[in-house]
Amino acid sequence: MQTAADAGDAATLLAAVPAGRRVALVDPRFVGHVHALRLGLTDPRFAAATVPGALTAQPEARGALLRALRRTTAAVGAGAPVVAPDTDPAPDDRTVPGRIAVALEAEGTAVKRPELGSLTATVPTDAGARATAESARDGVDDEAVRLRSAVKAHDGFFTTFAISPYSRYIARWCARRGLTPNQVTTASLITALVAAGAAATGTRGGYVAAGILLLVSFVLDCTDGQLARYSLQYSTMGAWLDATFDRAKEYAYYAGLAIGAVRGGDDVWVLALGAMVLQACRHVVDFSFNEANHDAVANTSPTAALSDKLDSVGWTVWARRMIVLPIGERWAMIAVLTALTTPRIVFYALLIGCSLAACYTTAGRLLRSLTRRASRTDRAAQALADLADSGTLAQGVAAVAPGLRGAFTAPAVALLGTLVMIGGALFFPYGSPLTVAAAVVYVVLSGLAVARPLKGALDWLVPPFFRAAEYVTILVLAARSDAPHAVPAAFGLVSAVAYHHYDTVYRIRGGTGAPPQWLVRTIGGHEGRTALVAVLAAVLTHTAGFTTALTALAVAVALVVLVESIRFWVSSSAPAVHDEGELA
């Protein structure tokens with residue numbers, strides 16, 4: 001820490017700091033909470049940030065900071081505003097850091113101003129103002145605010161009332177001992193995998209242990225995010241781990257339950273894969289709808305207005321959060337039913353609960369989409385195209401086919417293709433060439449569905465239809481096959497493909513775009529993989545070769561997507577964010 005005599009001296013001191021370091025300007029008269037400074041000066045997600053009387057810049061914003069500081073030294077010394085008063089976004093902060101923040105924004109550098117709530121951050125100009133500021137600071141418990149803010153604002157009922165009241169203190173304990181969110185996330189994954197192993201024993205003691213360990217894993221899962229918010233430890237690796245481990249834990253646990261059930265004489269692999277397919281399709285509905293409306297212009301939907309009104313009534317808020325069976329409620333249900341019942345009952349409860357939740361959320365989103373007047377942007381259309389995951393075959397059809405006009409044409413064509421594909425897998429004789437013919441029709445229709453930009457009111461349904469077509473086709477063909485262990489092999493294939501789809505979502509959310517096109521083409525796109533599985537089922541009918549082929553395809557897809565995903569998330573281009581999670 002160094003003290004500058006004036007703004008010019010501050011510029012000289014900052015220029016001497018090594019280029020790769022973060023720098024900060026703090027007015028020596030600053031009065032406020034330590035956590036207010038922490039929020040303003042240590043969050044790694046933003047290139048520049050400010051609170052009244054303090055400003056920070058990451059290495060990428062250092063050049064702009066120095067230019068602004070040098071350019072405004074004379075103006076600050078003369079007491080003149082840095083920019084015109086009618087364009088000044090922070091007229092109350094007339095300190096040097098405040099003026100420089102405005103100058104940075106005028107130059108085009110985004111400056112984050114975190115919400116401080118009850119925390120104090122001010123620069124008093126006289127003794128009376130200082131006494132008032134110090135009184136306000138001393139009247140608020142800085143640590144209590146920090147603990148409260150560590151908890152996610154919109155968690156489910158179970159998480160809010162059964163986990164967060166004590167998990168925040170576990171997060172603080174971890175922070176004081178130097179543990180990182182990534183370490184806690186990894187501990188949560190390991191605990192869940194041990195739980196899956198306990199469930200795989202197929203014994204009552206194993207099931208009880210699995211239920212307890214699954215709840216412990218969820219406590220740690222809550223703790224890692226709270227630790228990140230408590231200590232402001234956001235990282236690219238943390239974003240990747242947090243985004244993928246929840247799904248890995250849940251689906252590994254499904255596999256453990258299925259293995260345990262088989263050991264007990266009850267084959268529930270079809271139910272396990274069905275539960276995973278349903279949950280993955282639920283998520284893509286959430287992701288697709290949110291991306292379609294991420295930056296939509298205008299929202300006049302009466303359904304949205306009703307939703308906002310319901311959120312103002314206490315009991316309806318919790319009822320609406322619980323009805324979607326969010327991760328807390330879902331894991332609690334799985335844990336209790338595992339300990340007390342059988343894997344078959346666990347999967348029946350999952351399928352029924354998730355189906356009802358999917359109907360509720362999808363119906364609400366359909367009503368919002370049909371009753372709103374909004375213009376979707378090119379960014380939203382591109383996001384939906386990326387989520388569609390079209391490969392070479394569909395892209396080839398889209399390139400030569402005329403775009404079909406009509407407000408609901410794209411989702412209607414995608415739905416028709418999905419019904420043809422799933423219907424063929426279900427009702428044609430197993431191994432029949434007709435199933436392959438259905439796959440050809442699906443390829444053509446999936447290309448037609450994406451031939452035009454996805455800007456229609458219901459075009460966000462296109463990616464979910466494609467996910468359902470691919471996942472359900474794999475499930476049905478594996479279930480109808482007499483090949484031994486075909487369904488567990490299909491479980492592995494859907495897991496690998498689902499990882500790719502989740503990875504796509506979190507890259508888009510981070511603002512870095514979808515995975516590269518070469519990756520999508522290499523693993524075939526949704527239509528290529530679906531057609532390939534249909535061909536394999538026809539060629540390798542009722543033989544162990546079908547299981548081997550599914551296993552080989554699962555391994556190949558997993559290797560390609562994991563290597564590329566790891567390369568991306570540890571690269572400098574990955575977003576330094578911490579995923580706040582979805583309720584479901």
Side-chain angles (χ1 to χ4, degrees), residues 251 269-285 351 358 387-394 397 411 413-450 461-483 485-501 520 523-542 545-547 549-554 556-557:
Y251 299 155
W269 271 109
V270 171
L271 295 178
L273 180 51
M276 182 171 70
V277 168
L278 178 57
Q279 190 59 28
C281 289
R282 279 187 65 199
H283 283 143
V284 79
V285 168
L351 289 167
L387 290 173
D389 193 35
S390 300
T392 302
L393 297 177
V397 172
V413 171
L415 175 60
L416 178 60
T418 298
L419 294 176
V420 168
M421 188 65 255
I422 295 177
L426 271 172
F427 300 115
F428 289 142
Y430 184 80
S432 168
L434 291 175
T435 305
V436 178
V440 173
V441 173
Y442 173 68
V443 169
V444 173
L445 292 176
S446 62
L448 290 174
V450 296
L461 287 169
V462 171
F465 285 149
F466 289 163
R467 291 299 83 73
E470 179 178 5
Y471 296 167
V472 175
T473 296
I474 296 172
L475 166 61
V476 170
L477 292 177
R480 294 187 66 191
S481 170
D482 291 334
H485 310 301
V487 179
F491 190 98
L493 176 57
V494 173
S495 298
V497 174
Y499 176 88
H500 162 61
H501 290 143
V520 177
I523 60 176
H526 71 92
E527 80 291 349
R529 291 186 299 270
T530 305
L532 177 58
V533 172
V535 171
L536 292 174
V539 173
L540 304 172
T541 306
H542 305 305
F546 185 52
T547 299
L550 288 180
T551 303
L553 182 58
V557 171

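The residues of the chain are indexed from 1 along the displayed sequence. Because the structure is a prediction, the values reported are computed rather than measured.
The shortest non-hydrogen separation linking P463 to A388 is CG-N, 4.0 Å. Across A483 and T547, no two heavy atoms sit closer than the pair CB-OG1, 3.6 Å. The heavy-atom pair separating G391 from V520 by the smallest distance is CA-CG1, 4.3 Å. Heavy-atom minimum distance, L540 versus G545: CD1-O, 3.4 Å. In this structure, V443 and V397 approach most closely via the heavy-atom pair O-CG2, 4.3 Å. Residue R480 comes nearest to L426 through the heavy atom pair NH1-O, 3.0 Å, listed as atom of the first residue, atom of the second, then distance.
Of the inter-residue distances, the one linking M421 atom CE with E470 atom CD reads 11.0 Å to the nearest 0.5 angstrom. The line from CE of M276 to CG of L475 is 9.0 Å long, rounded to the nearest 0.5 Å. L493 CG to L550 CG: the interatomic distance, rounded to the nearest 0.5 Å, is 6.0 Å. For the atom pair OG1 (T530) and CD1 (I474), the distance works out to 6.0 Å, reported to the nearest 0.5 Å. The distance from atom CZ of F465 to atom CG of L416, rounded to the nearest 0.5 Å, is 11.0 Å. Separation of atoms OG1 (T435) and CG (L477) is listed at 6.5 Å; rounding is to 0.5 Å.
A heavy-atom distance below 4.5 Å is found between the side chains of L351 and L278. Using a 4.5 Å heavy-atom threshold, the side chains of D389 and E527 count as separate. With contacts defined as side-chain heavy-atom distances shorter than 4.5 Å, the pair T473/I422 qualifies. Residues T541 and F546 fail the side-chain proximity criterion, which asks for heavy atoms closer than 4.5 Å. The shortest distance between side-chain heavy atoms of H501 and Y471 falls below 4.5 Å.
Under the ring-ring contact (aromatic ring centres under 6.0 Å, His included) criterion, Y251 pairs with Y254, sequence neighbours left out. A search for ring-ring contact (aromatic ring centres under 6.0 Å, His included) contacts involving F428 returns nothing, not counting sequence neighbours.
Using bins of under 30°, 30° to 60° and over 60° for the plane-to-plane angle, the ring pair H526/F466 lands in the parallel bin.
Ring to ring, H485 and F491 are not that close: their centroids are 6.0 angstrom or more apart.
The closest donor-acceptor contact from the side chain of R529 to the backbone of I523 lies under 3.5 Å.
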>> I'd like to know whether V277 forms a side-chain contact (heavy atoms from CB on, under 4.5 Å) with V472, so could you lay out the CA-CA distance, the side-chain angles of the two residues, the decisive distance to 0.1 Å, and finally the verdict.
In response: CA-CA 7 Å; V277 168; V472 175; 4.0 Å; yes
